[in-house]
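For the numbers below, each heavy atom of this structure counts, side chains included, while hydrogens, waters and symmetry mates do not.
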Amino acid sequence: QAQIVESGGGLVQSGGSLRLTCTASGFTLGYYAIGWFRQAPGKEREGVSCISNGNGRIYYADSVKDRFTISRDDERNTAYLQLNNLKPEDTAVYYCAADNGPMGFPCTVEPKTYNYWGQGTQVTVSS
């Protein structure tokens, strides 16, 4: 059974850092593009970053560019999102998702394209 589990969220002060981990089981993550999304209370789900399968092409939303770093370790069936210089507006539930689109194609942060989703991990940034 395919499953994604996120971990690494928590409470951090403004300017702090966290590393989120996305662990997949029941399928080979290397064949999938990986996306990180977040949803704050009362707001729509927002695509934060993605990394394609095959060639590791990366996209970042403007709101997180130069602060967040996405990476993947296909041997460990795991992906990561490093969050640096966190701001209160980064507070949200963060979700990892996997998309089995064509190998090497640019990834997308369109939620509808993703096949598997985790349950999310809460990130809270205090001012």
So which heavy atom on C96 is nearest to which on I34, and how close?
SG-CG2, 3.9 Å
What pairs with [X] under side-chain hydrogen bond (donor to acceptor under 3.5 Å, both in side chains), at least two apart in sequence or on another chain?
X: D62; answer: K65
X: E89; answer: none
X: R67; answer: D90
X: N84; answer: S17, Q82

[atom1] of [X] to [atom2] of [Y]: how many Å apart, nearest 0.5 Å?
X: L29; Y: R76; atom1: CG; atom2: CZ; answer: 13.5 Å
X: F27; Y: N77; atom1: CZ; atom2: CG; answer: 6.5 Å
X: W36; Y: I51; atom1: CH2; atom2: CD1; answer: 12.0 Å
X: Y59; Y: T108; atom1: OH; atom2: OG1; answer: 8.5 Å
X: E46; Y: Y94; atom1: CD; atom2: OH; answer: 7.5 Å
X: Q3; Y: Y116; atom1: CD; atom2: OH; answer: 12.0 Å

Side-chain contact test, heavy atoms from C-beta onward, threshold under 4.5 Å: evaluate it for [X] versus [Y] and give yes or no.
X: F68; Y: L86; result: yes
X: N55; Y: M103; result: no
X: T69; Y: L81; result: no
X: V125; Y: L83; result: no
X: C22; Y: I4; result: yes
X: Y80; Y: T21; result: yes

So if you build clusters from Ile, Leu, Val, Met, Phe, Trp, Tyr with side-chain heavy-atom gaps below 4.5 Å, do [X] and [Y] land together?
X: V64; Y: L20; result: yes
X: V109; Y: Y60; result: no
X: I70; Y: Y31; result: yes

Residue pairs meeting disulfide (SG to SG under 2.5 Å), one or both in residues 24-73, sequence neighbours left out, come to C50-C107
Quick check: does any side chain N or O of N53 sit under 3.5 Å from a backbone N or O of G104, one acting as donor and the other as acceptor?
yes
Donor-acceptor check, side chain of E6 to backbone of Q119, threshold 3.5 angstrom: yes or no?
yes
Measure up the F37 and Y114 rings against each other and bin them: parallel (under 30°), tilted (30 to 60°), perpendicular (over 60°).
perpendicular
Distance-only criterion, 3.5 Å: show the donor-acceptor pairs between side-chain atoms of residues 7-15 and protein atoms not counting sequence neighbours.
none

